[in-house]
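Please read all numbers here as calculations on a predicted model, not as lab measurements.
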Amino acid sequence: MIRLNRLTDYAIVVLSQLSSDQARVRTATQLAHETGVPLPTVAKILKTLTVDGIIVSHRGAAGGYALSRSPDAITAAQIITALEGPIALTACVEGSGGHCDVEQLCPMRGHWEKVNGAIRHALEKLTLAELAAPVAPYAALAGRELMGAN
């Protein structure tokens, strides 16, 4: 199973909140209150995302954090990479930094990069704007499918 860590999940929640009103600068405390994510976790996320240039920090009495660019210009791949490092499914995938003891004998050598590339490509096409968009309730979607609507 491929699973993102909780910090990445929380980061997307925080970024979604920042994207809801891009002109507004928010403090870590405000974001923690608005999202329900614990303040120490929000502070850690904000620091990481600032270092990676996904958000910007504004100092002063009216300071806080804001997106560095439009939610349409921030990809899921950028967010995941900022919090988890290179997107890699196995230790033998290029850029994963891992080492495999049987790499020279492995029949899958080189093939995992194809899978990894497909996943990375999909995540590069998915934007924060899409992740932050409201989703119709499942029951409403199911009803539309039954009625033949798309």
Side-chain angles (χ1 to χ4, degrees), residues 1-60 62-100 103 106 108-142 144-145 149-150:
M1 172 189 300
I2 301 168
R3 177 173 274 179
L4 300 176
N5 70 44
R6 185 168 288 158
L7 197 62
T8 303
D9 184 26
Y10 286 158
I12 292 171
V13 170
V14 169
L15 288 168
S16 295
Q17 188 65 32
L18 284 171
S19 73
S20 68
D21 184 0
Q22 296 171 56
R24 187 171 156 215
V25 174
R26 294 187 185 93
T27 66
T29 303
Q30 288 170 324
L31 286 165
H33 177 73
E34 292 170 1
T35 62
V37 176
L39 179 58
T41 303
V42 170
K44 182 176 182 177
I45 289 166
L46 294 173
K47 181 178 179 182
T48 300
L49 295 174
T50 300
V51 168
D52 273 63
I54 294 172
I55 61 173
V56 292
S57 169
H58 299 278
R59 295 184 181 268
Y65 297 88
L67 296 178
S68 64
R69 54 195 178 274
S70 163
D72 290 321
I74 299 171
T75 68
Q78 292 167 332
I79 298 165
I80 292 167
T81 301
L83 289 143
E84 309 225 10
I87 298 167
L89 300 177
T90 65
C92 59
V93 173
E94 185 179 321
S96 68
H99 175 71
C100 177
E103 180 178 5
C106 182
M108 291 304 296
R109 184 176 178 202
H111 296 289
W112 279 118
E113 188 57 39
K114 293 175 190 173
V115 174
N116 192 62
I119 292 171
R120 187 181 318 115
H121 180 71
L123 292 171
E124 287 169 351
K125 292 178 76 173
L126 182 63
T127 68
L128 175 59
E130 293 169 304
L131 290 170
V135 177
Y138 179 74
L141 289 174
R144 287 182 62 201
E145 284 183 15
N150 287 335

- Which atom pair, heavy atoms only, marks the closest approach of Gln17 to Arg26? O-NH1, 2.9 Å
- In this structure, CG of Leu83 is separated from CZ of Arg6 (nearest 0.5 Å) by 14.5 Å
- Query: Checking side-chain contact (heavy atoms from CB on, under 4.5 Å) against Leu4, which of Ile80, Asp9, Ile79 comes through?
  - Reply: Ile80
- Item | Gap between atom CD1 of Ile74 and atom CG of Leu67 - 0.5 Å precision | 4.5 Å
- Task: Not counting sequence neighbours, which residues clear side chain to side chain donor-acceptor pair (under 3.5 Å) with Thr8? List them please.
- Result: Asn5, Glu84
- Shortest non-hydrogen contact from Val56 toward Ser68: CG1-CB, 3.8 Å
- Task: Working to the nearest 0.5 Å, report the span between OH of Tyr65 and CD of Gln30.
- Result: 12.0 Å
- OG-CD1 distance between Ser19 and Ile55, expressed to the nearest 0.5 angstrom: 12.5 Å
- Query: Counting only heavy atoms not in His58, do more than 12 sit closer than 6.0 Å to its NE2 atom?
  - Reply: yes
- Task: Walk me through it: do Val37 and Leu31 pass the test side-chain contact (heavy atoms from CB on, under 4.5 Å)?
- Result: CA-CA 8 Å; Val37 176; Leu31 286 165; over 6 Å; no
- Message: Test your reading of the model: is there a side-chain donor-acceptor pair from Thr35 to the backbone of Val14, 3.5 Å cut-off?
- Response: no
- Counting distance only, does the side-chain N/O of Arg120 pair as donor-acceptor with the main-chain N or O of Pro86 below 3.5 Å? no
- Specify the closest pair of heavy atoms between Pro71 and Thr127, including all atoms of both residues, with the distance to one decimal. O-CB, 3.7 Å
- Donor-acceptor under 3.5 Å (Asn116 side chain, Ile87 main chain): yes
- Query: Which atom pair, heavy atoms only, marks the closest approach of Ala66 to Leu18?
  - Reply: CA-CD2, 4.3 Å
- Item | Straight-line distance of Leu128 CG to Ile54 CD1, nearest 0.5 Å | 9.0 Å
- Item | Atom of Pro38, atom of Ala32 and distance for their closest heavy-atom approach | C-CB, 4.4 Å
- Of all heavy-atom pairs between Thr75 and Glu124, which one has the smallest distance, and what is that distance? CG2-O, 3.1 Å
